[in-house]
Amino acid sequence: MTVATRIAPSPTGDPHVGTAYIGLFNYAFAKSRGGRFIFRLEDTDRQRYDAKAEARILEMFEWLAIRPDEGPEIGGGHGPYRQSERTEIYRQHVESLLDAGKAYRAFETAEELEAMRTEQKRLGRPLGYDGRGRDVPRSEQEERARAGEPHVVRLQTPDEGSTTFHDELRGDVSIDNAEIRDPVLLKSDGYPTYHLANVVDDHLMGVTHVIRAEEWVTSTPIHVLLYLAFGWEAPRFVHMPLLRNPDKSKVSKRKLDTSVASYRDQGILPEALLNFLATMGWSMPDGREFFTLDEMIAAFDIGRVSLGGPVFDLKKLRYYNAKYLRDQLSLEEVARRVAPLLEERGHTWDDHDYLLDVVDVLRPRAETLVDIADAAGYFFTEDVRYDASARKQLAAGQKYLEDLEREFSILEFFDYDGVDDLLHDYVQAQSVGMGKVLQPLRAALTGTTSAPGVTDLVTILGKRRVLARIGKALAAINQGLPDDNPQREAEQEKQAAKLRQKGDAKAQAAGSKRGSLG
RNA sequence: GGCCCCUUCGACUAGUGGUUCAGGUCACCACCCUUUCAAGGUGGCGGCACGGGUUCGAAUCCCGUAGGGGUCACCA
């Protein structure tokens with residue numbers, strides 16, 4: 001039988017890193033075995049349903065280059081792929097269970113169940129449905145159902161013994177049947193619960209390996225019992241470790257940014273996110289730490305999943321991203337991705353080589369695409385604003401700037417070597433430290449004292465810009481650096497910090513609801 | 001709390017009884033390089049949760065304890 005896996009997210013909010021994580025492993029497993037990877041929408045919860053979420057989840061996988069072989073948009077031989085469009089299928093299957101006496105209709109109201117739980121709590125008894133609906137005669141069940149009385153359908157589970165399933169990573173896991181209390185299969189609104197829909201769909205879609213998060217371990221026996229009730233062979237089960245917040249609890253948007261879109265917006269590369277996610281609970285047989293999705297597939301072995309819950313470490317994610325920016329992706333590729341961000345900021349450039357030069361010197365200093373775009377401002381505007389440290393350098397470097405303006409203006413070969421020689425010769429002639437001369441120049445060119453090498457800057461900017469900027473700096477110095485107003489600067493810093501905080505709070509508020517994967 | 005799962009440096013992990021007084025990466029620290037900031041190079045800090053077994057030999061197997069996590073819905 002050909003291998004089939006699936007990712008089955010609920011459309012309840014922002015596409016979640018956990019969805020990407022589980023999707024990645026399902027995809028890698030399926031592809032490594034020449035199998036199918038199915039995308040199925042588990043949209044059976046009308047309360048939490050978010051109409052936008054489906055498209056966004058699909059977009060996320062597209063961004064990550066994890067492309068389903070079957071799904072709601074592309075189709076496939078096992079559709080429909082939205083559970084809300086399969087209600088008739090579930091109804092029929094529930095019917096067969098009812099007919100076989102393996103399920104029953106239960107008429108307790110929410111209030112009644114609540115009262116039951118309260119009583120159980122009071123008596124210190126274990127919580128859970130006590131099976132009281134089992135005793136209602138079948139004929140009465142059918143009659144009340146026909147009369148339109150709201151009810152659910154429950155699976156009748158054994159009270160004695162235990163149910164065991166084999167987890168590919170953990171071995172046999174047994175749970176006492178007493179722990180399983182006649183789970184609801186069909187809700188009173190006619191929609192299936194996860195347990196029913198999941199089992200029916202996995203079976204009908206030919207899913208061979210259920211790879212999902214560890215939180216599902218304890219409900220797997222319910223699924224096993226369901227397969228048994230239907231007379232179907234159960235698939236193989238693999239429960240991946242749960243991604244963790246820094247405090248080790250299950251990843252949640254309260255404690256961590258769990259929105260994939262948010263990482264994308266921060267300038268994280270899909271390749272880097274995927275690579276990082278792949279190292280969560282998994283490692284390459286040869287120990288490689290950087291690898292592409294295809295390389296992962298080629299070497300994939302589900303048995304190499306380790307079971308400790310890995311902490312989602314932002315710093316390491318950013319490290320991976322930085323590494324991709326400067327090493328794993330070509331300069332051309334990075335430039336292609338930075339370009340739109342520069343355009344957003346209103347920057348323009350005449351020739352492509354200029355962009356490449358800029359990205360080339362900026363990328364070793366950046367962790368994200370946004371870092372590059374944010375740092376690139378002075379390459380694209382003549383309106384250089386001097387920060388406090390730059391002004392200090394300018395004030396101290398007037399003489400050097402005047403000299404260099406003259407020297408540069410008569411420099412014939414304005415290339416790297418020419419500029420480099422000029423600078424070195426000049427500094428030597430002045431018999432001062434390099435920094436004494438170069439920091440004021442850097443300040444004049446960029447408005448900051450923290451930037452790429454001066455020779456690079458001068459060469460990339462070119463003679464015209466360099467002379468213009470030195471001239472502008474000199475003018476500013478002569479006017480007593482009017483911007484140099486520490487009080488106002490502090491005020492502005494405060495304002496900016498406030499704005500940033502506001503922005504952060506807003507971004508957090510827009511964060512995702514957790515969507516679980518089954 | 002019941003049940004289930006898990007447990008190697010602060011974090012991600014390698015390690016499947018002996019070649020390991022535990023290797024790599026991030027983070028951190030120091031030094032080097034250096035015109036700033038990075039990047040890069042070198043080095044350092046730091047761990048087999050604990051207690052019993054089994055074995056000639058245990059991070060690796062077993063039991064117990066502790067700790068962490070998950071789960072106990074007409075959510076998935």
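Note that the structure is a prediction, hence the values are computed from the model and not measured.
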* Asked: Would A/D182 and A/T157 count as having a side-chain donor-acceptor pair, cut-off 3.5 Å?
  -> yes
[N] phosphate, OP1 or OP2, under 4.0 Å from [X] side-chain N/O:
| X | N | answer |
| --- | --- | --- |
| A/Y319 | B/C26 | yes |
| A/K187 | B/A76 | yes |
| A/R154 | B/C74 | yes |
| A/K250 | B/U71 | yes |
| A/S283 | B/A14 | yes |
| A/R304 | B/G15 | yes |
| A/R363 | B/A38 | no |
| A/T218 | B/C5 | no |

For [X], report the nucleic acid contact type (base, sugar-phosphate, nothing); a contact means any heavy atom under 4.0 Å.
| X | value |
| --- | --- |
| A/R318 | nothing |
| A/P150 | nothing |
| A/V311 | sugar-phosphate |
| A/S174 | sugar-phosphate |
| A/T449 | base |
| A/R442 | base |
| A/V454 | base |
| A/P192 | sugar-phosphate |
| A/G124 | nothing |

Options [options], nucleotide nearest the side-chain atoms of [X]:
| X | options | value |
| --- | --- | --- |
| A/R365 | B/G69, B/C3, B/A38 | B/A38 |
| A/K323 | B/C6, B/G40, B/A76 | B/G40 |
| A/S306 | B/U13, B/U35, B/G70 | B/U13 |
| A/L438 | B/C12, B/U35, B/A76 | B/U35 |
| A/E215 | B/U71, B/G69, B/A39 | B/U71 |
| A/E179 | B/A11, B/C3, B/A76 | B/C3 |
| A/T455 | B/U35, B/A76, B/C4 | B/U35 |
| A/R48 | B/C4, B/C12, B/C75 | B/C75 |

I'd like to know if [X] reaches the base of [N] with its side chain, counting only an N/O donor and acceptor under 3.5 Å.
| X | N | answer |
| --- | --- | --- |
| A/S450 | B/C37 | no |
| A/E289 | B/G24 | yes |
| A/R170 | B/C5 | no |
| A/K316 | B/U25 | yes |

* Could you please spell out the steps behind the salt bridge (Lys or Arg N to Asp or Glu O under 4.0 Å) verdict for A/E289 and A/K323? => CA-CA 11 Å; A/E289 251 137 16; A/K323 191 80 175 168; over 6 Å; no
If the [atom1] atom of [N] is compared with that of [M], how far apart are they to the nearest Å?
| N | M | atom1 | result |
| --- | --- | --- | --- |
| B/U8 | B/G47 | C1' | 6 Å |
| B/C12 | B/C4 | P | 26 Å |
| B/C37 | B/C31 | P | 13 Å |

* **Toward the 5' end of RNA chain B, by each residue's nearest nucleotide, A/P241 or A/L127** => A/P241
* Structure fact -> By nearest-nucleotide position on RNA chain B, the 5'-leaning member of A/S219 and A/D327 is A/D327
Taking pairing as Watson-Crick or G-U wobble with both contacts under 3.5 Å, can you name the mate of [N], or confirm there isn't one?
| N | result |
| --- | --- |
| B/C56 | B/G18 |
| B/A27 | none |
| B/C37 | none |

* Structure fact -> Checking A/F237, A/Y194, A/F165 against A/W216 for ring-ring contact (aromatic ring centres under 6.0 Å, His included), the one that qualifies is A/Y194
* How close or far is atom P of B/U36 from atom CG of A/L423, stated in whole angstroms? -> 14 Å
* Atom pair distance, as rounded to whole Å: CD in A/E367 and C1' in B/C37 -> 13 Å
